Amino acid sequence: MSGKLSSSNDSTAIADAMSKTNASGSGSKVNPDVILVTLVPEKKGLFLKHSEYEISSRNYKCSVARRYNDFVNLHNLLVTRFPYRMIPRLPPKQLMLDSLLEERRRGLQRWLKIVSRHPVIGTGSLLRNFLTDTSAEHQDHLRELFNSEPDEFSTLSEEVELPLEDQGRLASNREIMRTMLNAVTRLKKFVDQQVARSSSQAKDMEDISSILKFLGSSDRVFAFDTFADMTKGFHEVAKITENSAMTLESAISERFNMLLDVLTAHSDLCDRVEKGIVTEHQRALTKMLTLNKQKMKGVIRGTAADNVAALHEKEIAQTGVVGTLGRRSAFSLQCVLQETSLAQEYLQALPSIILAFCNEQNQCNTHSADTWKEILNAEAKRLSQ
């Protein structure tokens, strides 16, 4: 087997060596970037139109214009260059409906934020080029520069020791993260339902306010000021509830989306490793055993020496392939363990997200209760006169 394998449980030194070897930079920690994605709609013709996004980076002090296809190109290059890292899914390429453009813009901004904060990917020249190339042919430049680059494992120094494969630990962590994904998905669903309820309630309160305003204008039946305070009060409750729905959607729900993007990326990574390198490793082992059997049969049957020698050479070559795949497999599993730790760091934000949800609900209920009291007090005062 080429390279070295280590049975050490402490992977800190290994992780540092891997990061320094593969970060395409200095190997230093990522300085968290502030990236903003702004929608710049552009229409062409009566039916065909596309949208551009202005992307600004605080770290690079640069703004560039990108289209959705540019993000797809970057995503594909990242998966090829870093196949054993968490690469979030891009938001889907939906029909250009105005109601979905903002949703996609937020998704692209989250995607870039996660990628730019990754300790390996975030320091690489691939992302830097995407955020700084202002030329009109930036997509072609990106492909020319990075299409032929080897993946992360291929740039790993032979001197870096890798731990023996720990598939049991990987399976355990994968199950934990799958549980986390299901839990966060359910929490996000409840938040979305609360947004829908608050939006519906705001509309109902505004409709009631409009009806009361109309009734108050019918001075043939009621005194002019009969519904004035109630009209104003229901309108205030509508504003409070609507603002709460907007806060839940733009802040709380968006933070849940960030966690879901990371956890889904982790799940995709585990599937990619399992279906890719592990399957490839097993296939290579099977081929080596087949060559070994053919060689043994040739020896027993007295096949020509040249044929036996050729089979022997193929077996030796296949042994090298298995050795390389074994080292690649160990590398991929080590990466998955690192990515699991990274995903768990993101999960540490969950308590504060839930507390922010509780705080928003409390403020909305408190302000609404105060407004209801004002309506009741005003009505009691009017009736007593």
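Position 1 is the first residue of the sequence; numbering continues from there. In this text, all values refer to a predicted model and were calculated from it rather than measured experimentally. Only heavy atoms go into these numbers, but all of them, side chains included; no hydrogens, no water, no symmetry mates.
Here the shortest heavy-atom pairing between Thr134 and Ser63 reads CG2-O, 4.0 Å. Taking both residues in full, the closest heavy atoms of Leu248 and Ser198 are given as CD1-OG, 4.4 Å, listed atom of the first, atom of the second, then distance. Residues Leu259 and Leu350 share a closest heavy-atom pair of CD1-CD1, 3.9 Å. The minimum heavy-atom distance between Phe146 and Ser125, with the atom names listed, is CE2-OG, 3.3 Å. Minimum heavy-atom separation, Asn129 to Arg66: O-NH2, 4.0 Å.
Residues Asp229 and Lys381 are not in side-chain contact: their nearest non-hydrogen atoms beyond the backbone lie 4.5 Å or more apart. Leu39 has its side chain within reach of Arg105: a pair of non-hydrogen atoms, C-beta onward, lies under 4.5 Å apart. Using a 4.5 Å cut-off on side-chain heavy atoms (C-beta onward), Trp111 and His75 make contact.
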Result block: side-chain N/O donor-acceptor pairs under 3.5 angstrom for residues 368-378, not counting sequence neighbours:
| from | atom 1 | to | atom 2 | distance (Å) |
| --- | --- | --- | --- | --- |
| Ser368 | OG | Cys364 | O | 2.8 |
| Thr371 | OG1 | His367 | O | 2.9 |
| Asn377 | ND2 | Lys373 | O | 3.2 |

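Note that the SG atom of Cys358 and the CD atom of Gln361 stand 8.0 Å from one another [nearest 0.5 Å]. Distance check: Arg174 CZ to Leu337 CG gives 13.0 Å after rounding to the nearest 0.5 Å. One finds the NE2 atom of His235 at 10.0 Å from the NZ atom of Lys232 (value rounded to the nearest 0.5 Å). Atoms CG and OG, on Asp140 and Ser135 in that order, are 8.5 Å from each other to the nearest 0.5 Å. If you take CG on Leu145 and CG on Asp133, they are separated by 8.5 Å, rounding to the nearest 0.5 Å. Atom CZ of residue Arg110 and atom CD1 of residue Ile114 lie 7.5 Å apart, to the nearest 0.5 angstrom.
Listed by chain and number, the residues in a side-chain contact (heavy atoms from CB on, under 4.5 Å) with Leu108 are Tyr53, Tyr68, Phe71, Leu90, Pro91, Arg104 (sequence neighbours excluded). Judged as a side-chain hydrogen bond (donor to acceptor under 3.5 Å, both in side chains), and not counting sequence neighbours, the contacts of Asp70 are Gln139. Among residues two or more places apart in sequence or in another chain, the side-chain hydrogen bond (donor to acceptor under 3.5 Å, both in side chains) test is passed with Arg255 by Ser352. With sequence neighbours left out, Arg197 forms a side-chain contact (heavy atoms from CB on, under 4.5 Å) with Gln193, Gln194.
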Side chain to side chain contact (heavy atoms under 4.5 Å, CB included) evaluation trace for Ser51 with Leu101: CA-CA 9 Å; Ser51 293; Leu101 288 176; 3.8 Å; yes
Side chain to side chain contact (heavy atoms under 4.5 Å, CB included) between Phe357 and Ile353, worked out: CA-CA 6 Å; Phe357 172 77; Ile353 297 174; 5.9 Å; no
Stepwise side chain to side chain contact (heavy atoms under 4.5 Å, CB included) test for Thr38 and Ile55: CA-CA 6 Å; Thr38 306; Ile55 304 170; over 6 Å; no
Intermediate values then yes/no, side chain to side chain contact (heavy atoms under 4.5 Å, CB included), Val336 and Ser332: CA-CA 6 Å; Val336 173; Ser332 68; 5.5 Å; no
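In this structure, the side chain of Gln109 engages the main chain of Val37 through a donor-acceptor pair within 3.5 Å. The backbone N or O of Glu175 sits less than 3.5 Å from a side-chain atom of Thr179, completing a donor-acceptor pair. Checked by atom type and distance alone, the side chain of Thr123 pairs as donor or acceptor with a backbone atom of Val120 at under 3.5 Å. Side chain of Ser199 to backbone of Ala196: no donor-acceptor contact under 3.5 angstrom is found. A donor-acceptor pair under 3.5 Å links the side-chain atoms of Arg58 to the main chain of Pro32, judged by distance alone. No donor-acceptor distance shorter than 3.5 angstrom exists from the side chain of His141 to the backbone of Phe130, with no hydrogens or angles considered. Ser209 places no side-chain N or O within 3.5 Å of a backbone atom of Met205 that could act as its donor or acceptor partner. At distances below 3.5 Å, not a single donor-acceptor pair connects side-chain atoms of Thr264 with backbone N or O atoms of Asp261.
Within a 6.0 Å radius of NZ in Lys188, other residues, nucleotides and ligands contribute more than 12 heavy atoms. Counting non-hydrogen atoms of neighbouring residues, nucleotides and ligands closer than 6.0 angstrom, the CZ atom of Phe190 reaches no more than 12 such neighbours.
Between the side chains of Ser57 and Asn59, no donor-acceptor pair is found at a separation under 3.5 Å. Asp151 and Thr80 form no side-chain donor-acceptor contact under 3.5 Å, judged by distance and modelled atom types alone. No donor-acceptor contact under 3.5 angstrom links the side chains of Glu339 and His266, judged on distance only.
Stacking of Arg272 on the aromatic ring of Tyr84 is not recorded, the 6.0 Å distance cut-off and the 45° axial limit not both being met.
A salt bridge links Arg106 with Glu102; the closest basic N to acidic carboxylate O contact falls under 4.0 Å. Electrostatic pairing of Lys203 and Glu206 does not count as a salt bridge here, judged by no charged N lying under 4.0 Å from a carboxylate O. By the 4.0 Å N-to-carboxylate-O rule, Arg117 lies too far from Asp33 to be salt-bridged with it. Ion pairing between a basic and an acidic side chain is recognised when a charged N comes within 4.0 Å of a carboxylate O; Arg81 and Glu152 show no such pairing.
Applying the side-chain hydrogen bond (donor to acceptor under 3.5 Å, both in side chains) test to residues at least two apart or on different chains, the pairs with a partner in residues 237-251 are Ser244-Glu360.
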